[in-house]
Enquirer: 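Attaching a single structure in structure tokens format; questions to follow.
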2 protein chains.
Amino acid sequence: MPTIHDIAKEAGLSIASVSRVLNELPVREETMKKVQAAVRKLEYVPNFFARGLSGAESRSIGVLITSMTNSYYMEITEAIERRLRERDFTLLLCSTDLDEALERRYLKEHMSRRVDGCIVIDPAIGNVRSGFFKGMAAQLPLVLVQPDPDIRDLHSVIVDQREGMREVMDYFIAQKHEDIAFVRGLSGYSYDIKEEVWRASLAGQGLEVRQDRIVGIPDGNVAEAIAETEAAVSKLLLVTPRPSAIFCCNDLMARGAMKAAAKAGIPVPQELSICGHDNSILAISGSLGLSSVDLKMRSQGRSAVDLLFQAMEGKDPEPRRILIAPQLVIRDSTGPRHI
Amino acid sequence: MPTIHDIAKEAGLSIASVSRVLNELPVREETMKKVQAAVRKLEYVPNFFARGLSGAESRSIGVLITSMTNSYYMEITEAIERRLRERDFTLLLCSTDLDEALERRYLKEHMSRRVDGCIVIDPAIGNVRSGFFKGMAAQLPLVLVQPDPDIRDLHSVIVDQREGMREVMDYFIAQKHEDIAFVRGLSGYSYDIKEEVWRASLAGQGLEVRQDRIVGIPDGNVAEAIAETEAAVSKLLLVTPRPSAIFCCNDLMARGAMKAAAKAGIPVPQELSICGHDNSILAISGSLGLSSVDLKMRSQGRSAVDLLFQAMEGKDPEPRRILIAPQLVIRDSTGPRHI
DNA sequence: ATGAAAGCGCTAACAG
DNA sequence: CTGTTAGCGCTTTCAT
């Protein structure tokens, strides 16, 4: 592979002049042309390692996500990539599979590659609590997306999931629903806070908070999530009187619930309202559009990058947080309670 | 940031000894412990640039995809990442948005970062034809996933889409369907070869190849693809006699077609069979399971990595290709023709 | 088994 | 405007 010395020899110049052309510093036009010709002729590509070693910025930022096949994370990531491309930065992407140790390892890997900054989407709660991120932030500009919202000592982009859930409950209650079931995953912070709002909203209206209206779906892949929810909701719909509305913590579960309603012959939304969460492709792919909460992934990605660049400029040492408001999108699967 | 010199000083050793410990070369146990203690104390992370510059391999490989929100590509990418992680390699991921110039730029960017190899998923046909990849392959181990299958001078992983389409047509014909519509995107190699098989299969059975049974759906985002297909298929279903089966080139379109059938009050699969392609999450999310062609994305990803590692070992200079066979998955949306 | 020293390819002073 | 030169942090001979 040709080096800057080969180019200098070919062009009959010094390596410094070649470097200047490469970095778009002022040179004589003729010099520039000679260098460009040599670069083309030898198919020269600068060695990124050497560049980085001599102190220049790497013009790359690292992103950690938990899964590459979760479209929710990938939409945020795509927004990040686009934003970075505008600024001519490159993205290094690693997926942690929810493994705390892997998250630490990859973040260090990124540091080792001297990325100019890092964005961690949905960071492991253990690594937040243990102060690991706090320590890393001292050495590297760092932005967390959707950490525990109580974390205030790190740059973060937070979606106010409580607000989204509140919107759903307000909507259901305005539609006169009083018996509203809640379908959630077994463990997870975001499930907990949604349940909290569900309880508070019902209680605030003087409605009964019934433990048997909470359905827990075991973790699993997408196919399992749908099937498990279908089975669980089928049971729920057997009792009399049955709930007139169901909220599901993601669209996968909501589609499972709709399957259950279809099997039981219960018309949606006439006799049963079903609301999902995430506003994913599933919300628009069925014959019946699914009402769902949009978490504004594009905004999350863009905001994360903007915040990171501010942090990289370093003029603002104190942690900043950007709050993003979710939005309830009403489609065909919800409506007023059937009297 | 601490360097190897700081560690050496802290441990009271030379940088060479530190380097040896870091690279797991034979040293005295005591030496090792001293170094490890210093590393922990100073939170030392080796500088990747310096490592790379001194000639070591980068232990990273570059992957180019066309879109990060297309779950089809991401499933391949996830399989690649898992395979790489087993071997302790890191993934650099770039998305080209189908832009040929961007594809060239990012591949050079990866070269500049001295990745040990590159995988390009769904490479732009222009860059294949122009010999660009051929030139790059001379400098860098390279594997193409799903290029034009006629390309034989580069390492490649090919899914025999013709075979998958043949399976669909054989199945439809065995179910006595004779009037089979074909829904495709406007431009794209994979659409063309599927249409080719559609034509050949019909002709081979002595069935009529009707131009008015081909429906072209303009490019667009996922929501548009569903809506456009619904509109187009609605029109198709108005004519008498109408087709008894529809093949759609992806599951998005197939879901659009199913919406159209539902609106028109045509029962699926009793009076209309609908088959999709890609076997994505959409195939299992609706109340009616969608028959679809599985392109074995996991296998594609794993095979690409295996092939790349062979190429990196360099013992096999002639281009190799791995063929992967698709599989038709029958669900609820297809059945025998209603007589 | 360990240390000293020579690069790896580039950028950024500094000198001309 | 251009050339010379000193590092950047690490790996890898070559001595010891």
Side-chain angles (χ1 to χ4, degrees), chain A residues 1-39 42-60 90 108-116 139-140, chain B residues 1-39 42-60 90 108-116 139-140:
Chain A
M1 265 187 196
T3 74
I4 199 172
H5 290 98
D6 300 319
I7 302 299
K9 196 177 295 174
E10 176 74 28
L13 291 160
S14 73
I15 62 164
S17 294
V18 177
S19 176
R20 285 192 190 98
V21 174
L22 262 31
N23 291 285
E24 298 177 338
L25 296 170
V27 288
R28 225 175 29 200
E29 173 132 1
E30 197 193 319
T31 306
M32 196 173 77
K33 289 201 169 155
K34 277 194 213 159
V35 171
Q36 287 169 340
V39 166
L42 302 183
E43 294 191 317
Y44 169 71
V45 181
N47 185 323
F48 188 78
F49 292 139
R51 263 199 176 152
L53 189 51
S54 3
E57 51 183 4
S58 70
R59 291 200 83 72
S60 56
T90 304
K108 283 189 178 156
E109 169 89 24
H110 280 156
M111 270 198 66
S112 160
R113 285 172 187 269
R114 294 299 187 271
V115 295
D116 298 321
Q139 306 183 52
L140 177 78
Chain B
M1 263 185 200
T3 74
I4 198 171
H5 290 99
D6 300 320
I7 303 300
K9 196 176 294 172
E10 175 76 26
L13 292 161
S14 73
I15 62 164
S17 293
V18 177
S19 176
R20 284 191 191 98
V21 173
L22 262 31
N23 292 284
E24 297 178 339
L25 294 171
V27 288
R28 227 177 24 203
E29 174 132 2
E30 196 194 321
T31 307
M32 197 173 78
K33 289 200 170 155
K34 277 194 213 158
V35 171
Q36 287 170 341
V39 165
L42 302 184
E43 294 192 320
Y44 169 71
V45 181
N47 185 323
F48 188 77
F49 291 139
R51 269 206 169 144
L53 189 52
S54 359
E57 51 182 5
S58 70
R59 289 198 85 71
S60 57
T90 304
K108 284 187 177 158
E109 170 89 23
H110 279 157
M111 270 197 65
S112 160
R113 285 173 187 267
R114 295 299 188 271
V115 295
D116 299 322
Q139 304 182 53
L140 178 77

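Side-chain atoms are counted along with the backbone in the values below, which use heavy atoms only and exclude waters and symmetry mates. Just so we're on the same page: letters track the sequence lines, and every chain starts at 1.
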Enquirer: Write down the distance between CE (A:Met32) and P (D:dT2), rounded to a whole number of angstrom.
Expert: 11 Å
Enquirer: Remember a base hit wins even if backbone is also touched, and classify A:Leu13 as base, sugar-phosphate or nothing at under 4.0 Å, heavy atoms.
Expert: sugar-phosphate
Enquirer: Counting only distance, no hydrogens or angles, is the base of C:dG3 paired donor-acceptor with the side chain of B:Arg20 under 3.5 Å?
Expert: yes
Enquirer: I want to check something: taking the side chain as every heavy atom from C-beta on, are A:Arg20 and A:Leu13 in contact at a cut-off of under 4.5 Å?
Expert: no
Enquirer: Does D:dG3 have OP1 or OP2 under 4.0 Å away from a side-chain N or O of A:Ser14?
Expert: yes
Enquirer: Nearest of C:dT2, D:dT2, D:dC10 to any side-chain atom of B:Ser17?
Expert: C:dT2
Enquirer: Return no unless some side-chain N or O of B:Thr3 is found under 4.0 Å from OP1 or OP2 of D:dC8.
Expert: no
Enquirer: Does A:Leu22 reach a base, just sugar-phosphate, or nothing at all? Heavy atoms under 4.0 Å.
Expert: nothing
Enquirer: Does B:Ser19 reach a base, just sugar-phosphate, or nothing at all? Heavy atoms under 4.0 Å.
Expert: base
Enquirer: Which angle, rounded to 10°, do you find between the first-five-pair axis and the last-five-pair axis of the helix from C:dA1-D:dT16 to C:dG16-D:dC1?
Expert: 40°
Enquirer: Got a sec, which residues hit salt bridge (Lys or Arg N to Asp or Glu O under 4.0 Å) with A:Arg28, two or more places apart in sequence or on another chain?
Expert: none
Enquirer: Looking at side-chain heavy atoms only, is the closest gap between A:Glu43 and B:Gln139 below 4.5 Å?
Expert: yes
Enquirer: Under the side chain to side chain donor-acceptor pair (under 3.5 Å) test, which residues partner B:Thr3, sequence neighbours left out?
Expert: none
Enquirer: Taking CG from B:Asp6 and P from D:dC10, how many angstroms apart are they, rounded to a whole number?
Expert: 9 Å
Enquirer: Measure the distance from NZ on B:Lys33 to C1' on C:dA1 and round it to the nearest whole Å.
Expert: 17 Å
Enquirer: Measure from the side chain of A:Ala16, starting at C-beta and using heavy atoms only, and say which of D:dG9, D:dC1, D:dT4 lies closest.
Expert: D:dT4
Enquirer: Between B:Asn23 (side chain) and B:Leu25 (backbone), is there a donor-acceptor pair under 3.5 Å?
Expert: no
Enquirer: State, with a plain yes or no, whether a side-chain heavy atom of B:Phe48 is found less than 4.5 Å away from one of B:Thr90.
Expert: no
Enquirer: Output the single nucleotide from C:dG3, D:dG9, D:dC10 whose closest atom is nearest the side chain of B:Leu53.
Expert: D:dG9
Enquirer: Could you state the CZ-C1' distance from A:Phe48 to D:dC8, rounded to the nearest angstrom?
Expert: 15 Å
Enquirer: Measure from CD1 on B:Ile15 to P on C:dA6 and round the result to the nearest Å.
Expert: 12 Å
Enquirer: With a 3.5 Å distance limit and no angle check, can you tell me whether B:Ser112 reaches the backbone of A:Pro46 through a side-chain donor-acceptor pair?
Expert: yes
Enquirer: How close or far is atom C1' of D:dC10 from atom NE2 of B:His5, stated in whole angstroms?
Expert: 9 Å
Enquirer: Report the nucleotide, chosen from D:dT11, C:dT11, D:dG3, that has the shortest atom-to-atom distance to any side-chain atom of B:Arg51.
Expert: D:dT11
Enquirer: Could you give the CG-to-P distance, from B:Leu25 to C:dT2, as a whole number of Å?
Expert: 12 Å
Enquirer: Is there side-chain contact between A:Ser19 and A:Ile4, with at least one heavy-atom pair below 4.5 Å?
Expert: yes
Enquirer: Quick check for you: among C:dG3, D:dC1, D:dT4, whose closest atom lies nearest to any side-chain atom of A:Arg28?
Expert: D:dC1
Enquirer: Could you tell me the separation between the CG atom of A:Asn23 and the P atom of C:dA12, rounded to a whole number of Å?
Expert: 7 Å
